A.B. asks: 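Input: one structure, supplied below.
Nothing here was measured: the structure is a model prediction, and the numbers come from that model. Throughout, a chain's letter reflects where its sequence line sits, starting with A, and its residues are numbered from 1.
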2 protein chains.
Amino acid sequence: MQIAPPDFDRMFGALADHTRRDIVRRAIDSEEGVAELASHYPMSFAAVQKHIAILERAGLVTKHRIGRRKVVRTNVETLRVARRLLDQYEVLWRGRIDRMTQLVTENARERDQ
Amino acid sequence: MQIAPPDFDRMFGALADHTRRDIVRRAIDSEEGVAELASHYPMSFAAVQKHIAILERAGLVTKHRIGRRKVVRTNVETLRVARRLLDQYEVLWRGRIDRMTQLVTENARERDQ
DNA sequence: CATTAATACAACCGTATGGTTGTATTAATG
DNA sequence: CATTAATACAACCATACGGTTGTATTAATG
């Protein structure tokens, strides 16, 4: 089995919901089961369960059985993958800036010589 | 008029589509109008127009009239806002790690003394 | 100033999303 | 091993999304 290529549609789609972002935040440093997580939100247990399923498909969280609960843990590596994509845009932006200043410098040299 | 608070639902929602991410990428260092952008994708002009509208509502691009075209430009600052949110998760994660190593160290000291 | 290139908008269609309630499965534990 | 706490799944509903085609508006330019 190959490792799955990053699915940015799913990643960003999963992050595009306030409840899901809050679950990701909580699951970074707590060890809560599905029911415990659900208790924090003004919606049904099943709704939270679905949100967790979406986060799971996106690779943002994993579930691990502990006792009779299934504990939800955030997969920080996937968050980093998303962050790196945003970094790429920043790199492109810097490249553009560099090319612009390059041009200005060349023009100044031409003008001054 | 107040400056709008960041709408992460819209931001990440806008980024959750391959075509839209590609538009963001292109609009970082090109100066293309809506029609020129549309020519790159295997879909109708109107579809691309809608994608751009979604990016615009999310604050990820802006449109500026140049001659008879309306040029689309990426708003890098909004990308940075999104990135900073992901950074926040990383900070939480580090905090957790720190607390864990803290605990281990304390236990070791107790055991050793 | 009439033409037309460029963009905007409206209506429609199929499918996905976010929510609900109800039922089924699972596996720790008394 | 029967109970039941915990989770999973199915069916349903309203609304949003991604796409289409067609029509309307706008404003630069010959």
A.B. asks: Is B:Glu90 paired with A:Arg83 through a side-chain N to carboxylate O contact shorter than 4.0 Å?
C.D. replies: no

A.B. asks: Out of B:Arg73, B:Arg69, B:Lys70, B:Lys63, which residue meets the salt bridge (charged side-chain N to carboxylate O under 4.0 Å, His left out) rule with B:Glu31?
C.D. replies: B:Arg73

A.B. asks: Provide, to the nearest angstrom, the distance between the CZ atom belonging to B:Phe45 and the C1' atom belonging to D:dA24.
C.D. replies: 13 Å

A.B. asks: Rounding to a whole Å, what distance do you find between B:Lys63:NZ and C:dA6:P?
C.D. replies: 16 Å

A.B. asks: In terms of the nearest nucleotide of DNA chain C, which residue is placed more toward the 5' end: A:Asp17 or B:Glu36?
C.D. replies: B:Glu36

A.B. asks: Between C1' on C:dT20 and CD on A:Gln49, what's the gap in Å once rounded to a whole number?
C.D. replies: 13 Å

A.B. asks: Rounded to whole Å, how long is the line connecting atom CD of B:Glu31 with atom P of C:dA6?
C.D. replies: 16 Å

A.B. asks: D:dA8, OP1 or OP2 - any side-chain N/O from A:Lys70 closer than 4.0 Å?
C.D. replies: yes

A.B. asks: Please report, rounded to the nearest Å, how far the P atom of C:dT17 is from the CG atom of A:Asp9.
C.D. replies: 10 Å

A.B. asks: Take the protein atom CD of A:Glu32 and the nucleotide atom C1' of D:dT7, then report the distance between them rounded to whole Å.
C.D. replies: 16 Å

A.B. asks: Nearest heavy atom decides the nucleotide; on that basis, is A:Arg68 or A:Lys50 closer to the 5' end of DNA chain D?
C.D. replies: A:Arg68

A.B. asks: Under a 4.0 Å threshold between the charged nitrogen and the carboxylate oxygen, would B:Asp98 count as salt-bridged to B:Arg94?
C.D. replies: no

A.B. asks: About how many Å separate CG of B:Leu92 and CG of B:Asp87, when rounded to the nearest 0.5 Å?
C.D. replies: 11.5 Å

A.B. asks: For DNA chain C, please output the secondary structure as dot-bracket, reading 5' to 3'. Pairs are Watson-Crick or G-U wobble, both atom distances under 3.5 Å; mark crossing pairs with [ ], other-strand partners with |, unpaired with a dot.
C.D. replies: ||||||||||||||||||||||||||||||

A.B. asks: Name the residue closer to the 5' end of DNA chain C, choosing between B:Arg65 and A:Gly13 according to the nucleotide with the nearest heavy atom.
C.D. replies: B:Arg65

A.B. asks: Is the shortest side-chain N to carboxylate O distance from B:Glu77 to B:Arg84 below 4.0 Å?
C.D. replies: yes

A.B. asks: To the nearest angstrom, how far is A:His51 atom NE2 from C:dG18 atom C1'?
C.D. replies: 6 Å

A.B. asks: Could you give the NE2-to-P distance, from A:His64 to C:dA28, as a whole number of Å?
C.D. replies: 16 Å

